[in-house]
Protein chains: 2
Amino acid sequence: MTKIPVPGQSVRGSKSGSPIMAMFDLLGRRWAMGVLWTLSEQGPLSFRGLQDACETISPGVLNSRIKELRAAGFVALGEDGYHVTALGSDVYEALLPLSKVSKVWAERLADLEKPHKAQTG
Amino acid sequence: MTKIPVPGQSVRGSKSGSPIMAMFDLLGRRWAMGVLWTLSEQGPLSFRGLQDACETISPGVLNSRIKELRAAGFVALGEDGYHVTALGSDVYEALLPLSKVSKVWAERLADLEKPHKAQTG
DNA sequence: ATAGCTCGCTACTAAATTGATAGCACATTA
DNA sequence: TAATGTGCTATCAATTTAGTAGCGAGCTAT
């Protein structure tokens with residue numbers, strides 16, 4: 001299996017394994033944030049339920065991301081399926097500002113697209 | 001070149017292109033957050049300066065990430081090199097809580113490693 | 001003007017990751 | 001017994017990333 005980034009050990013962007021770079025290494029993989037987000041908002045979910053909720057994720061990738069998120073302690077498997085841990089919930093909440101910015105971003109792009117004539121400066 | 005995710009268009013995790021999923025698609029690529037982070041903290045930087053600051057990124061990947069971040073409007077190239085835009089700075093600030101959590105995460109892991117005898121619980 | 005520097009960036013190949021699909025072993029239910 | 005649902009694994013193609021070399025332009029010193 002692929003190496004799971006851990007703070008304190010060499011990760012992408014930091015040989016000394018700075019926490020934020022380890023976090024980026026972990027979350028900067030396809031679907032990682034999407035899985036955590038989806039599970040936080042819609043969990044607990046079964047493997048297949050999570051797969052469906054993600055719309056287009058393949059089981060192999062989902063399995064990899066789950067393993068990594070579990071190893072990191074962000075996600076756990078309980079009686080009623082996968083769910084985020086307390087720490088995982090903290091990560092989710094840390095992503096909320098990003099959601100806010102993403103909306104600003106979307107609006108800005110929409111503004112650039114709509115008025116093909118003039119522009120507010 | 002690889003497709004650049006845009007809110008409103010089909011992206012990983014959302015066929016309708018929800019802003020947060022578009023953001024995850026954009027930032028959930030190898031080095032994307034690391035590049036934005038490094039540039040925010042140490043910028044403006046030249047291409048090679050940014051490459052050095054990232055420690056181990058290859059020019060091909062850096063070039064891809066820069067293209068994507070520029071297309072998204074998070075990064076721009078000025079007289080004195082690459083720098084984050086106002087929007088890019090917003091994204092950076094939205095990542096700050098993640099940095100905080102990453103430290104908690106690192107501490108938790110350190111606590112689990114250190115005491116090989118007993119454990120508080 | 002020719003050598004040496006840095007600049008942004010491209011080309012090329014190999015390795016790793018991701019995507020897509022099929023299906024396994026187990027448990028539950030009917 | 002058969003059908004369904006569970007968490008996954010296997011396989012293979014497609015895409016992405018890594019690693020390294022180097023281009024063409026510009027600037028500087030000789």
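Each chain gets a letter, A, B and so on, in the order its sequence line appears, and its residues count up from 1. Since we're looking at a predicted model, the values are computed, not measured.
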Next on the checklist: Side chain of Arg48(A) only, heavy atoms from C-beta on: which candidate in dG23(C), dG8(C), dT20(D) is closest?
Outcome noted: dG23(C)
So, does [X] get its side chain near the phosphate of [N], meaning an N or O under 4.0 Å from OP1 or OP2?
X: Asn63(A); N: dG7(D); value: no
X: Arg12(A); N: dA18(D); value: yes
X: Thr2(A); N: dT17(C); value: yes
X: Lys3(B); N: dT16(D); value: no
X: Trp31(B); N: dA18(D); value: yes
X: Lys67(B); N: dT10(C); value: yes

Write down the distance between [atom1] ([X]) and [atom2] ([N]), rounded to a whole number of angstrom.
X: Leu62(A); N: dT17(C); atom1: CG; atom2: C1'; value: 15 Å
X: Arg29(B); N: dA18(D); atom1: CZ; atom2: C1'; value: 17 Å
X: Asp80(A); N: dG7(D); atom1: CG; atom2: P; value: 11 Å
X: Leu45(A); N: dT6(D); atom1: CG; atom2: P; value: 11 Å
X: Gln51(A); N: dG23(C); atom1: CD; atom2: C1'; value: 13 Å
X: Phe24(B); N: dT18(C); atom1: CZ; atom2: P; value: 16 Å
X: Phe47(B); N: dG24(D); atom1: CZ; atom2: P; value: 18 Å
X: Ile66(A); N: dG7(D); atom1: CD1; atom2: C1'; value: 9 Å

Next on the checklist: Once you apply a heavy-atom cut-off of 4.0 Å, does Ser46(B) come out as touching a base, just sugar-phosphate, or nothing?
Outcome noted: sugar-phosphate
Next on the checklist: Please classify the nucleic acid contact of Arg30(B) as base, sugar-phosphate, or nothing, using heavy-atom distances under 4.0 Å.
Outcome noted: sugar-phosphate
Checklist outcome for this item: Smallest heavy-atom separation, Val6(A) atom then Ala22(A) atom, equals C-CB, 3.9 Å
Checklist entry - If every non-hydrogen atom of Ser14(A) is compared with every non-hydrogen atom of Ser18(A), which pair is closest and at what distance? => result OG-N, 2.9 Å
Next on the checklist: Trp37(A): which residues meet the side chain to side chain donor-acceptor pair (under 3.5 Å) condition with it, sequence neighbours left out?
Outcome noted: Glu41(A)
Checklist entry - If only atom types and distance count, is the side chain of Asp25(B) paired as donor or acceptor with the main-chain N or O of Pro5(B) below 3.5 Å? => result no
Checklist entry - Under 6.0 Å between the ring centres of Phe24(A) and Trp31(B)? => result no
Checklist entry - More 5' along DNA chain C: Gly28(A) or Pro59(A), using each one's nearest nucleotide? => result Gly28(A)
